[in-house]
There are 2 protein chains.
Amino acid sequence: MQVSCFDCTLRACGVFKPITRNELGAVNDIKREHVVLPAGAEIIRAGDEAPEIYTLYSGWAFRFKNLPDGRRQILNFLMPGDLLGLQAAMFDAAQHGIEALTEVQLCLLPRRKVWALFGEMPGLAFDVAWLGAREEGHVDENLTSAGRRSATERVAALIVMLYKRAKILGLVDGDSFAFPLTQQHVADALGLSLVHTNKTLARLRRMGMFSRANGSITVTDPHVLARIGQYFDEEIPMRPLI
Amino acid sequence: MQVSCFDCTLRACGVFKPITRNELGAVNDIKREHVVLPAGAEIIRAGDEAPEIYTLYSGWAFRFKNLPDGRRQILNFLMPGDLLGLQAAMFDAAQHGIEALTEVQLCLLPRRKVWALFGEMPGLAFDVAWLGAREEGHVDENLTSAGRRSATERVAALIVMLYKRAKILGLVDGDSFAFPLTQQHVADALGLSLVHTNKTLARLRRMGMFSRANGSITVTDPHVLARIGQYFDEEIPMRPLI
DNA sequence: CGAAACGTTGATATCCTTCAACATGAGTGG
DNA sequence: CCACTCATGTTGAAGGATATCAACGTTTCG
């Protein structure tokens, strides 16, 4: 199990922008525990007061909102290197839930200490804000899907988006990567019914856009899928530009 | 025209959390220009490189994305006290546009100086991150509308949301406030067609939920409208909790 | 083996979109 | 002052995309 931030394999693979040894030490100092939770675990519950902040070290999770009658909207997916609970920690109560999609390893960063870090390590404060802005960008894209893309476009755009993120993290092998979402997750992320999601996935599969086997997905041609999904992002660079 | 941050009428009306005289001085030092733009002006264009950051001093604006074929999704509305262009300034190019909904007054905060401020005034760095998190919360809510609410619920939720924000800003008189959106804006924010938006608005109006006159909207009963819209927020406090 | 979660498929219903036409009001130039 | 245009709002009819309902298949796992 991961212990010291100095040995962090995430950092080694270039997920984070380089930071100074001082900054890394400061992060290492405030990191409290290394938590492991199983798939399906609730990491943050809507309404939680004073939730903590975590770095997702391994595994996938998702952020979501529920309407009073139980309808669920997934807001965005979280992958290694993402910060969990930042928005929630800023307010007096979490406005959303976060649930683990796979087994996850989390690095606990007590909120008070993160705020304290703002004063001591301004570079890290910037990085925290940057991670928040990147997450907002993902939500923006998902809102554009739910609001203005057809079912086929939504599914295609979602798969490409996840593919690109997985690729950056080095999780893509050939053109395959582990895909832990059920069709219900896809439906709740895209604002579609389960049945229609199933039929849309089947259509794209029959078109040869992707294939699935033992929990993995293989994307035949990311560019074609991006065109179908009307999805064109400008590669967000890892290193914030100051 | 507004000149000094020390005289800022926004600050006087309690929109911002109190900051120290030092912090205020620092903000005042980096503030460059006071810009006035007419309704419809593009404040930030998607693809802009190195856009600046602004505080919206007066007026309304909105943030949006376009698909290649022109379909438009409005991501969130911006009201006085909001920070414009923060997300865009963090990356190498803006992933969205920002357009003025009414005539707007903007306070220009050069991005480089804002980043410099992170080092000198950690309290302000926190506030910037907090404003970003609040905006993300608005996008979350809009995504939940587009993905999981019916047309009637979406319209109701949008009106209540804007009502509550306007109320906090002191823009609500009785239960009326200036409402500069066209039905096309409402449609693009909610992911509905213009025609269906019109009919849904008409239905809610006939139900007596609200009325309109010379650019203003009057909400009959915010609580009823919130119930129709399945919209229940916990009042986000002005002052961040550290 | 049985149960539970997940996936698939067809039939039917409905919400929302699209198309088309017209109404209203503001601004503009003759 | 009128004619004109353009943006915006309104309404009805028809079509289509997506939801809902129902049933069954498949996989996983205790």
Side-chain angles (χ1 to χ4, degrees), chain A residues 38-41 67 69-74 99-103 145-156 158-159 178-207 210-217 228-230, chain B residues 38-41 67 69-74 99-103 145-156 158-159 179-207 210-217 228 230:
Chain A
L67 292 184
D69 63 4
R71 278 172 283 177
R72 179 175 75 169
Q73 177 64 44
I74 291 182
E99 188 177 313
L101 257 179
T102 65
E103 178 180 286
S145 279
R148 285 299 182 222
R149 282 192 253 248
S150 72
T152 304
E153 290 167 344
R154 291 182 216 189
V155 171
L158 176 66
I159 294 176
F179 191 84
L181 317 204
T182 66
Q183 296 189 348
Q184 185 67 63
H185 291 122
V186 175
D188 287 347
L190 300 181
L192 295 171
S193 73
L194 177 58
V195 173
H196 197 61
T197 299
N198 176 291
K199 289 172 179 171
T200 307
L201 281 166
R203 202 175 323 123
L204 282 169
R205 208 181 312 120
R206 268 186 250 110
M207 287 168 61
F210 69 91
S211 60
R212 298 210 52 186
N214 13 316
S216 277
I217 190 171
I228 292 178
Q230 304 270 319
Chain B
L67 293 184
D69 63 3
R71 280 173 281 178
R72 180 174 74 170
Q73 177 64 45
I74 291 181
E99 187 177 314
L101 210 42
T102 64
E103 177 180 286
S145 279
R148 286 299 181 222
R149 282 192 253 247
S150 72
T152 304
E153 289 167 345
R154 291 182 215 189
V155 171
L158 176 65
I159 293 175
F179 192 85
L181 316 204
T182 65
Q183 296 189 348
Q184 185 66 63
H185 291 122
V186 175
D188 286 346
L190 300 181
L192 296 171
S193 71
L194 178 58
V195 173
H196 197 60
T197 299
N198 177 291
K199 289 172 179 172
T200 306
L201 280 166
R203 202 174 323 121
L204 282 169
R205 207 182 312 121
R206 270 186 248 109
M207 286 168 61
F210 68 91
S211 59
R212 298 210 52 186
N214 15 318
S216 277
I217 191 172
I228 291 178
Q230 304 271 318

Between OG1 on residue Thr197(B) and NE2 on residue His185(B), distance to nearest 0.5 Å: 12.5 Å
Distance, nearest 0.5 Å, that separates CG of Leu181(B) from CD1 of Ile217(B): 8.5 Å
Leading and trailing nucleotides of DNA chain D with any atom under 4.0 Å from heavy atoms of chain B: dT8(D) to dA13(D)
Distance, nearest 0.5 Å, that separates CG of Leu190(B) from CD of Gln73(B): 8.5 Å
Arg154(B) side chain vs Leu192(B) backbone, donor-acceptor pair below 3.5 Å: no
Sugar-phosphate, base or nothing in reach of Arg205(A), heavy atoms under 4.0 Å: sugar-phosphate
Derivation and outcome, side chain to side chain contact (heavy atoms under 4.5 Å, CB included), residues Met207(B) and Ile228(B): CA-CA 11 Å; Met207(B) 286 168 61; Ile228(B) 291 178; 4.0 Å; yes
First-last contacting nucleotides on DNA chain C - partner chain B, under 4.0 angstrom, heavy atom: dC16(C) to dC19(C)
Closest contact, heavy atoms only, Thr102(B) versus Pro180(B): CG2-CB, 3.4 Å
Spacing of Leu67(B) atom CG and Arg149(A) atom CZ [to the nearest 0.5 Å]: 5.0 Å
Residues within residues 187-201 of chain A bordering DNA chain C, heavy-atom distance below 4.0 Å: Val195(A), Asn198(A), Lys199(A)
Partners passing side chain to side chain donor-acceptor pair (under 3.5 Å) against Ser193(A) (at least two apart in sequence or in another chain): none
Residues which pass side chain to side chain contact (heavy atoms under 4.5 Å, CB included) with Glu99(A), listed by chain and number, not counting sequence neighbours: Phe62(A), Phe64(A), Arg72(A)
The helix from dC1(C)-dG30(D) to dG30(C)-dC1(D): angle between end helix axes, five pairs per end, rounded to 10 degrees: 30°
Short side-chain to backbone donor-acceptor contact, Arg212(B) and Phe179(B), under 3.5 Å: yes
Any donor-acceptor pair under 3.5 Å from Arg71(B) side chain to Arg148(A) backbone: yes
Arg205(A) CZ to Asn198(A) CG distance, which is reported to the nearest 0.5 Å: 7.5 Å
